[in-house]
Amino acid sequence: MKTATLGPAQRAKALTQMAERELDLLVVGGGVVGAGTALDAATRGLDTGLVEARDWASGTSSRSSKLIHGGLRYLEMLDFALVREALKERGLLLQRLAPHLVKPVPFLYPLRHKGWERWYAGSGVALYDGMSVSSGHGRGLPVHRHLSHRRALRVAPCLRRDALVGALQYYDAQMDDARYVTTLVRTAAAYGAHVANRARVVGFLREGERVVGARVQDVEGGVEHKIRARQIVNATGVWTDDTQALIGERGQFHVRASKGIHLVVPKDRIHSTTGLILRTEKSVLFVIPWGRHWIIGTTDTDWDLDKAHPAASSADIDYLLEHVNSVLATPLTRDDVEGVYAGLRPLLAGESDATSKLSREHTVAHPVPGLVVVAGGKYTTYRVMAKDAVDEAVHGLDARVAECVTEDVPLAGAEGYRALWNARARVAARTGLHVARVEHLLNRYGSLSEELLEMVVADPSLGRPLAAADDYLRAEVVYACTHEGARHLDDVLTRRTRISIETFDRGTRSAREAAELMAPALGWDSAQIEKEIAHYEKRVEAERESQRQPDDLTADAARLGAPDIVPLT
């Protein structure tokens, strides 16, 4: 498989090619489900297009808990089918499809009651492990274990002694959600899909009742393209209803948005060798290892305000701090919080008003000829959602189409990853980088790391870390623009890297260095560099202001104080 490059020239070419002929399938929405759908369709031999109004994964798919998991709590709801499906997908991702991006992560579940709780919770976790193994893809993770009070405190010294009587430890998996989506898009492009971000669908083309294409506006240049397709898949997540409204159809189901916020704190604030999972009155709370940081989340509240930039309020932050501090020997304060991010889950509306009780199942519908809608679901099961969406679209094609093969299609960077990992010391010696830097690249790019290493050999200055965010190399900023479709400073600091949530300055101290590295790749002049920096600083300040507000309404108003995008000059 030839590796695809998502630079400015490739984006422009993709838009032109999509407008020149009728596609078999056009996918609208560049989150994990849309990207997965494009890969599924392309690997079945369909002429496929993918458009995204903003950046890849800029919505829900970059603001998750960053877990690939079976959904342990869904066992308690007796949703065995969903858990079984998710555990199979978790195993596939860990072992075959994306071992470079998806990694095991341990969790400790503190027990608060003697006797019955260990039996009750232990039975659930044992069933979880058993279902994982029975899926045929669950042998890559250790099985759970029971810990005494003393052993649990040895594993997680951060816990208050009176916060538990013992514990269970089990394993799930995690990934960088935005990086995963970008890799999905590149893989789809490598198999022939035409992909373009910053390309917004502003209307649909119809012939009678049938949808035959879409009007797509190039947000960067303002040009509108008419892209015809035999079938279109609406995979726009929390925007599903808005996209359906463009054809005057609400559709056969309704998607509600549930807001979840997360806090990021430095690793040294919580002394533990394992993640934590805690019960709350509404759901569960995770404390998740994340490199040199911890991610704490999440909340689960209804949201009907701005979908593009859901805002975390002061009340949201206090809620998470209060609940995590209930078990910590050394409580966290606002001063410990490096980053905050808020995301929206697309839930299929049900009868309950509590968003935590709305369906996490997914649904596929064909509301009008030529248009398929896929919505709901979990990040972990995106591949199944994509398969179901393409299966439905195939019914509208007058041709024999191959079955789904994505269960056996590794993502870009997976092939050769383990061999390179084993040779990482030699790679470090050859390139002059520290072995820890090579490991960092391998766990973010897999075997595609060789492309970055070639850039460093050609220009050794790119092998230096960013001055104010030394987890990332300067080469990664340039690579984001030349290979991964980054168009703006926000794309790089927020999604290609996670500097915006991993530094106390929220990335403002890295903004100028990053913008100057991006400029040659994207053809920016000095005026555009200044505009990008100013826009990013305004975005950060608007987010900080929203997080000082008492409720959703005031937080939303504050966050909307910064513009969404910087048009190119």
Side-chain angles (χ1 to χ4, degrees), residues 64-67 69-80 82-83 86-87 105-129 131 144-149 151-153 155-174 258-263 265 270 272-289 294-302 315-332 345 347 352-358 360 378 380:
S64 73
S65 296
K66 312 192 189 320
L67 294 177
H69 63 119
L72 182 59
R73 69 188 180 103
Y74 297 116
L75 280 183
E76 197 169 33
M77 301 176 187
L78 306 181
D79 199 342
F80 298 112
L82 178 62
V83 175
L87 286 172
V105 60
F107 284 102
L108 191 78
Y109 177 73
L111 301 171
R112 304 299 296 269
H113 307 280
K114 292 185 177 180
W116 70 267
E117 189 182 15
R118 185 178 288 278
W119 176 86
Y120 178 76
S123 298
V125 176
L127 177 60
Y128 193 66
D129 283 346
M131 291 173 70
H144 76 283
R145 58 178 183 156
H146 287 260
L147 302 179
S148 66
H149 182 262
R151 187 71 181 274
L153 288 175
V155 171
C158 60
L159 294 173
R160 281 177 24 209
R161 296 185 64 84
D162 62 352
L164 71 166
V165 297
L168 295 168
Q169 188 173 50
Y170 74 98
Y171 279 77
D172 258 319
Q174 70 176 164
S258 165
K259 184 181 72 168
I261 82 147
H262 296 79
L263 310 180
V265 302
I270 299 176
S272 177
T273 60
T274 178
L276 305 173
I277 177 172
L278 312 171
R279 275 192 178 276
T280 70
E281 65 277 9
K282 296 178 181 178
S283 184
V284 295
L285 183 73
F286 287 100
V287 180
I288 306 163
W294 297 95
I295 294 176
I296 302 169
T298 179
T299 58
D300 195 353
T301 55
D302 201 17
D316 291 327
I317 296 170
D318 288 342
Y319 173 88
L320 289 181
L321 289 176
E322 177 187 347
H323 280 78
V324 74
N325 284 340
S326 69
V327 300
L328 295 181
T330 304
L332 299 172
R345 305 177 193 87
L347 303 180
S352 170
D353 289 334
T355 60
S356 60
K357 296 180 181 178
L358 297 183
R360 296 309 303 271
K378 290 160 45 65
T380 303

Q: If you round to the nearest 0.5 Å, how far is CZ of Arg279 from OG of Ser326?
A: 13.5 Å
Q: May I ask you to decide if Ala163's main-chain N or O and Arg112's side chain share a donor-acceptor pair within less than 3.5 Å?
A: yes
Q: Quick one: are Thr280 and Tyr319 in side-chain contact, heavy atoms under 4.5 Å?
A: yes
Q: Tell me whether Gln169 contacts the main-chain N or O of Leu147 through its side chain, where contact means a donor paired with an acceptor under 3.5 Å.
A: no
Q: Nearest 0.5 angstrom please: Ile261 CD1 to Thr301 OG1, how far?
A: 8.5 Å
Q: Over all heavy atoms of both residues, which pair between Ala121 and Leu111 is shortest? Give the atoms and the distance, please.
A: CB-CD2, 4.2 Å
Q: Side-chain contact test, heavy atoms from C-beta onward, threshold under 4.5 Å: evaluate it for Lys259 versus Asp316 and give yes or no.
A: yes
Q: Thr274 side chain to Pro106 main-chain N or O, any donor-acceptor pair under 3.5 Å?
A: yes
Q: Of all heavy-atom pairs between Arg151 and Arg145, which one has the smallest distance, and what is that distance?
A: NH2-NH1, 3.1 Å
Q: For Val155, does its backbone N or O pair with a side-chain atom of Thr273 as donor and acceptor, under 3.5 Å?
A: yes
Q: How far apart are the C-alpha atoms of Leu87 and Tyr128, what are their side-chain angles, what is the distance that settles it, and do they pass the side-chain contact (heavy atoms from CB on, under 4.5 Å) test?
A: CA-CA 8 Å; Leu87 286 172; Tyr128 193 66; 3.8 Å; yes
Q: With side-chain contact (heavy atoms from CB on, under 4.5 Å) as the test, would you mind laying out the steps for Ile288 and Lys66 before giving the verdict?
A: CA-CA 9 Å; Ile288 306 163; Lys66 312 192 189 320; over 6 Å; no
Q: Just verifying a value: how many Å separate His262 NE2 and Leu320 CG, rounded to the nearest 0.5 Å?
A: 8.0 Å
Q: Report the residue from Val287, Ile277, Leu159 that forms a side-chain contact (heavy atoms from CB on, under 4.5 Å) with Leu108.
A: Leu159
Q: Ignoring hydrogens, what is the shortest heavy-atom contact between Pro110 and Ala167? Give both atom names and the distance.
A: CA-CB, 4.2 Å
Q: Check the pair Leu263, Val324 against side-chain contact (heavy atoms from CB on, under 4.5 Å), reporting the backbone distance first and the verdict last.
A: CA-CA 11 Å; Leu263 310 180; Val324 74; over 6 Å; no
Q: Please answer whether the main-chain N or O of Arg345 pairs with a side-chain N or O of Ser258 as donor and acceptor at a distance below 3.5 Å.
A: no
Q: Treating His323 as the side-chain partner and Val284 as the backbone partner, does any N or O pair qualify as donor plus acceptor under 3.5 Å?
A: no
Q: Atom OG1 in Thr380, atom CG in Leu82: separation rounded to 0.5 Å?
A: 9.0 Å
Q: How far apart are the C-alpha atoms of Leu127 and Val83, what are their side-chain angles, what is the distance that settles it, and do they pass the side-chain contact (heavy atoms from CB on, under 4.5 Å) test?
A: CA-CA 10 Å; Leu127 177 60; Val83 175; over 6 Å; no
Q: Return the minimal non-hydrogen interatomic distance between Pro331 and Ala329, and the atom names on each side.
A: CD-O, 3.5 Å
Q: Below 4.5 Å, heavy atoms only, C-beta onward: do Leu164 and Leu153 meet side chain to side chain?
A: yes
Q: Other residues, nucleotides and ligands only: do more than 12 of their heavy atoms fall within 6.0 Å of CH2 on Trp119?
A: no
Q: Just wondering, do Tyr74 and Lys378 contact through their side chains at under 4.5 Å, heavy atoms?
A: yes
Q: Work out which heavy atom in Val105 is nearest to a heavy atom in Leu67; give both atom names and the distance.
A: CG1-CD2, 4.4 Å
Q: Do Val125 and Tyr109 have side chains that get closer than 4.5 Å, going by heavy atoms?
A: no
Q: Any idea how His144 and His146 line up, ring-wise: parallel (<30°), tilted (30 to 60°), or perpendicular (>60°)?
A: perpendicular
Q: Please report the closest heavy-atom contact between Asp172 and Gly70, naming both atoms and the distance.
A: OD1-N, 3.7 Å
Q: Could you check if a side-chain atom of Leu72 sits within less than 4.5 angstrom of a side-chain atom of Phe107, using non-hydrogen atoms only?
A: no
